[in-house]
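All values reported here derive from a predicted model rather than from experimental measurement.
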Amino acid sequence: MQTLWKTASTVLGLLLLGSSTVHAQDWANWRGPNYNGSTTAANLPVKFSPTEGVKWVANLPGPSAATPIVWKNSVFVTSTDMKTQELLAFCFDRRNGNLLWKNSVGTGYRPANQGNAVQIDERGNYASPSPVTDGKRVVFFFGNGDLAAFDMRGNPLWKRNLQKENGDFCFNWTFSSSPVLYEGKLYMQILQRNQVVGGRGRENSASYLMTLNPDTGKEIWRAERPTNAVNESMEAYSTPIPYEYNGRKEILIAGGDYLTGHDPANGKELWRWGTWNPNHSEQWWRLVPSPVAGGGVVLACAPKRAPVYAAKAGATTSSSLVWQSQSRSDITSDVPTPLFYEGKFYVLSDVKKAITCVEPSTGEPIWSTKIPGIPMCWGSPTGADGKLYFMNLHGEVFVFSAKDGTLLSQNPMATEESEIRSTIAVAHNNLFIRTNTRLYCVGK
């Protein structure tokens with residue numbers, strides 16, 4: 001009987017391990033299985049090109065900053081179609097790149113001038129948010145407000161438009177925050193101005209975190225997120241990040257001059273830290289990077305060339321500042337979200353053109369390496385197999401050693417393309433690299 005029990009326990013353990021391994025190898029959301037840009041992959045390639053080390057390539061009809069999302073044998077990609085002006089949801093076979101299904105979700109490319117526009121966005125488009133899946137359904141969101149869910153075979157489940165229901169988004173640029181599926185709920189973050197901008201939006205608009213039932217698309221609750229920020233500093237293009245610390249689960253939000261943690265059950269604000277904008281005197285500090293947590297702290301990257309700030313994790317009402325980077329250091333980021341990998345932060349600076357390994361408890365740099373070339377990097381870094389992967393605006397993929405910052409390779413993956421802003425996904429020991437016109441699966 002004891003032998004039978006041991007055998008059953010061993011089999012159960014192997015089944016659980018197998019299930020965990022499959023999930024760990026997937027890349028189900030923008031920042032991967034750990035919500036911090038890292039994954040436990042192995043045997044990843046260092047040197048590759050469009051004709052070297054490519055397992056398959058799929059053509060895409062238009063640009064998007066969205067990250068490929070991988071679940072088992074499915075790869076989900078958001079795209080635009082420059083000719084038809086459609087907003088598209090794609091699913092490819094992970095094993096061979098064959099198109100499994102394609103759905104048109106909406107129309108439009110980017111906001112049009114509707115009056116005395118402050119700024120017309122010539123770089124972003126409505127297809128910038130990344131899709132998300134939990135293996136039961138996949139959800140696509142677009143900057144025009146279209147939010148749609150499909151089953152894994154591409155059959156429509158539900159669709160709604162957040163702009164039509166709540167009024168136009170109040171953003172200077174094209175809105176892009178990725179949806180998040182977490183413990184049976186779909187989370188959406190809208191941090192916007194409270195006034196009309198560029199002929200778009202409406203007066204007294206509120207910023208909020210909302211959750212929906214992923215089976216039906218119906219709203220469960222909505223929690224307003226107040227701020228003292230003004231004008232463009234109220235805007236955030238970041239994504240809410242789930243995080244668990246000392247047994248407490250929360251949703252992290254960065255934007256509107258503040259870093260906050262929220263109860264996933266009801267959106268109640270658990271704590272708040274701020275601000276990187278003293279007296280809220282800077283009116284033009286829209287925020288792009290999402291928060292990232294690890295080592296007992298939560299990072300927020302202030303805009304443009306401002307410092308990175310680390311707030312103490314696990315606070316109850318207000319958090320304290322643990323450290324901030326030096327104002328003239330390379331530890332700053334205007335667009336890329338930092339990576340937390342193997343106990344260290346990695347801050348990719350687009351404005352300083354450097355990648356820096358940072359000690360979480362003190363903020364001290366362990367190493368810092370300049371990034372060669374002229375184009376900036378707007379995609380976020382990915383950590384796996386002891387390496388760091390990220391791509392610049394011209395489609396050159398850099399591979400760095402996570403240990404000491406050595407540049408291992410520089411791989412051009414696009415020709416005659418620019419404004420490539422997608423983050424590289426790693427799943428099932430392969431790299432998934434999206435340019436404006438192609439999706440590559442790269443592996444040994």
Worksheet item: Is a side-chain donor-acceptor pair under 3.5 Å present for D146 with Q163?
Response: no

Worksheet item: Can you name the one residue among T275, N228, T227 that meets side chain to side chain donor-acceptor pair (under 3.5 Å) with Y258?
Response: N228

Discussion item. Apply salt bridge (charged side-chain N to carboxylate O under 4.0 Å, His left out) to residues R286 and D334 and explain how you reach the verdict.
Written reply: CA-CA 9 Å; R286 83 291 177 270; D334 185 43; 2.9 Å; yes

Worksheet item: Within 45° of the six-membered ring axis of Y208 and under 6.0 Å from that ring's centre, is NZ or CZ of R225 located there?
Response: no

Practice prompt. Consider only side-chain N and O atoms of N73 and H428, and report whether a donor and an acceptor are under 3.5 Å apart.
Written response: no

Practice prompt. Measure the acute angle between the ring planes of F140 and F142, then classify it against the limits of 30° and 60° as parallel, tilted or perpendicular.
Written response: parallel

Practice prompt. Please test Y243 against Y35 for side-chain contact (heavy atoms from CB on, under 4.5 Å), starting from the C-alpha separation and ending with a verdict.
Written response: CA-CA 8 Å; Y243 180 59; Y35 300 102; over 6 Å; no

Practice prompt. Answer yes when D151 and R153 have at least one side-chain N-carboxylate O distance shorter than 4.0 Å, and no when they do not.
Written response: no

Worksheet item: Does a side-chain N-to-carboxylate-O contact under 4.0 Å join K353 and D350?
Response: no

Fill in: Pair Q195-E203, side-chain donor/acceptor within less than 3.5 Å
no

Item to complete: Evaluate the ring planes of Y309 and W276, with Trp represented by its six-membered ring, and classify them as parallel (under 30°), tilted (30 to 60°) or perpendicular (over 60°).
Response: tilted

Practice prompt. Taking the side chain as every heavy atom from C-beta outward, state whether H394 and I420 have any atom pair closer than 4.5 Å.
Written response: no

Item to complete: Run the ring-centre check on F400 versus F390 and record whether the distance is less than 6.0 Å.
Response: yes

Worksheet item: Going by heavy atoms in the side chains, are R94 and F432 under 4.5 Å from each other?
Response: yes

Fill in: Side-chain ion pair, K370 and D330, N-O less than 4.0 Å
yes

Discussion item. So, applying salt bridge (charged side-chain N to carboxylate O under 4.0 Å, His left out) with E165, which one of R160, R222, K159 is it?
Written reply: R160

Item to complete: To the nearest 0.5 Å, tell me how far E232 CD sits from L287 CG.
Response: 10.5 Å

Item to complete: Output yes when a side-chain donor or acceptor of S64 lies under 3.5 Å from a complementary backbone atom of A66, and no otherwise.
Response: yes

Fill in: Near-ring test H262/Y187, centroid separation under 6.0 angstrom
no

Worksheet item: With side chains defined as the heavy atoms from C-beta onward, is the minimum distance between I355 and V347 less than 4.5 Å?
Response: no

Item to complete: Decide, yes or no, whether a salt bridge links R248 with E250 under the criterion of side-chain N to carboxylate O below 4.0 Å.
Response: yes

Worksheet item: Is there a side-chain contact between L181 and N29 (heavy atoms, below 4.5 Å)?
Response: no

Item to complete: Show the numbers, then the answer: is there a side-chain hydrogen bond (donor to acceptor under 3.5 Å, both in side chains) between R31 and N36?
Response: CA-CA 5 Å; R31 291 308 278 155; N36 59 15; over 6 Å; no

Discussion item. Around atom CG of N59, are there more than 12 heavy atoms from other residues, nucleotides or ligands closer than 6.0 Å?
Written reply: yes

Worksheet entry | Aromatic ring pairing F141/F175, orientation class (parallel under 30°, perpendicular over 60°, tilted between) | perpendicular

Worksheet item: When rounded to the nearest 0.5 angstrom, what distance separates CG in N231 from CD in E282?
Response: 10.0 Å

Discussion item. If we ignore hydrogens and angles and just use 3.5 Å, is the side chain of T239 paired with the main-chain N or O of S177 as donor and acceptor?
Written reply: no

Practice prompt. Could you grab the distance from atom CG of N172 to atom CE of M234, nearest 0.5 Å is fine?
Written response: 13.5 Å

Worksheet item: Given C91, which of L100, T133, V77 fulfils the side chain to side chain contact (heavy atoms under 4.5 Å, CB included) condition?
Response: L100

Item to complete: State whether a side-chain donor-acceptor pair under 3.5 Å links E417 with T437.
Response: yes

Practice prompt. Report yes or no: do S327 and R305 form a side-chain donor-acceptor pair below 3.5 Å?
Written response: no

Fill in: Spacing of L348 atom CG and L339 atom CG [to the nearest 0.5 Å]
9.5 Å

Fill in: Candidate pair N411 and V399, rule side-chain contact (heavy atoms from CB on, under 4.5 Å), full reasoning
CA-CA 8 Å; N411 308 298; V399 184; 3.7 Å; yes

Practice prompt. Could you give me the CA-CA distance, side-chain angles and deciding distance for T211 and W221, then say whether side-chain hydrogen bond (donor to acceptor under 3.5 Å, both in side chains) is met?
Written response: CA-CA 6 Å; T211 64; W221 54 255; 3.3 Å; yes

Worksheet entry | For W101, the option from F90, F92, F150 that meets ring pair (Phe, Tyr, Trp, His ring centres under 6.0 Å) | F150

Fill in: side-chain hydrogen bond (donor to acceptor under 3.5 Å, both in side chains) between N98 and D93, worked out
CA-CA 5 Å; N98 291 340; D93 192 318; 5.6 Å; no

Worksheet item: Atom CG in D134, atom NZ in K185: separation rounded to 0.5 Å?
Response: 13.0 Å

Fill in: Straight-line distance of E364 CD to T356 OG1, nearest 0.5 Å
12.0 Å

Fill in: Exercise: do S104 and E86 side chains pair donor with acceptor under 3.5 Å
yes

Discussion item. The test is side-chain contact (heavy atoms from CB on, under 4.5 Å); show your working for N161 and L147 and say whether it passes.
Written reply: CA-CA 6 Å; N161 187 288; L147 181 67; over 6 Å; no

Discussion item. With a 4.5 Å cut-off on side-chain heavy atoms, are I371 and F398 touching?
Written reply: yes

Item to complete: Evaluate the side-chain hydrogen bond (donor to acceptor under 3.5 Å, both in side chains) criterion for residues Q192 and E235: first the C-alpha distance (whole Å), next the side-chain angles of each, then the deciding distance (0.1 Å), finally the verdict.
Response: CA-CA 4 Å; Q192 60 186 342; E235 302 176 17; over 6 Å; no

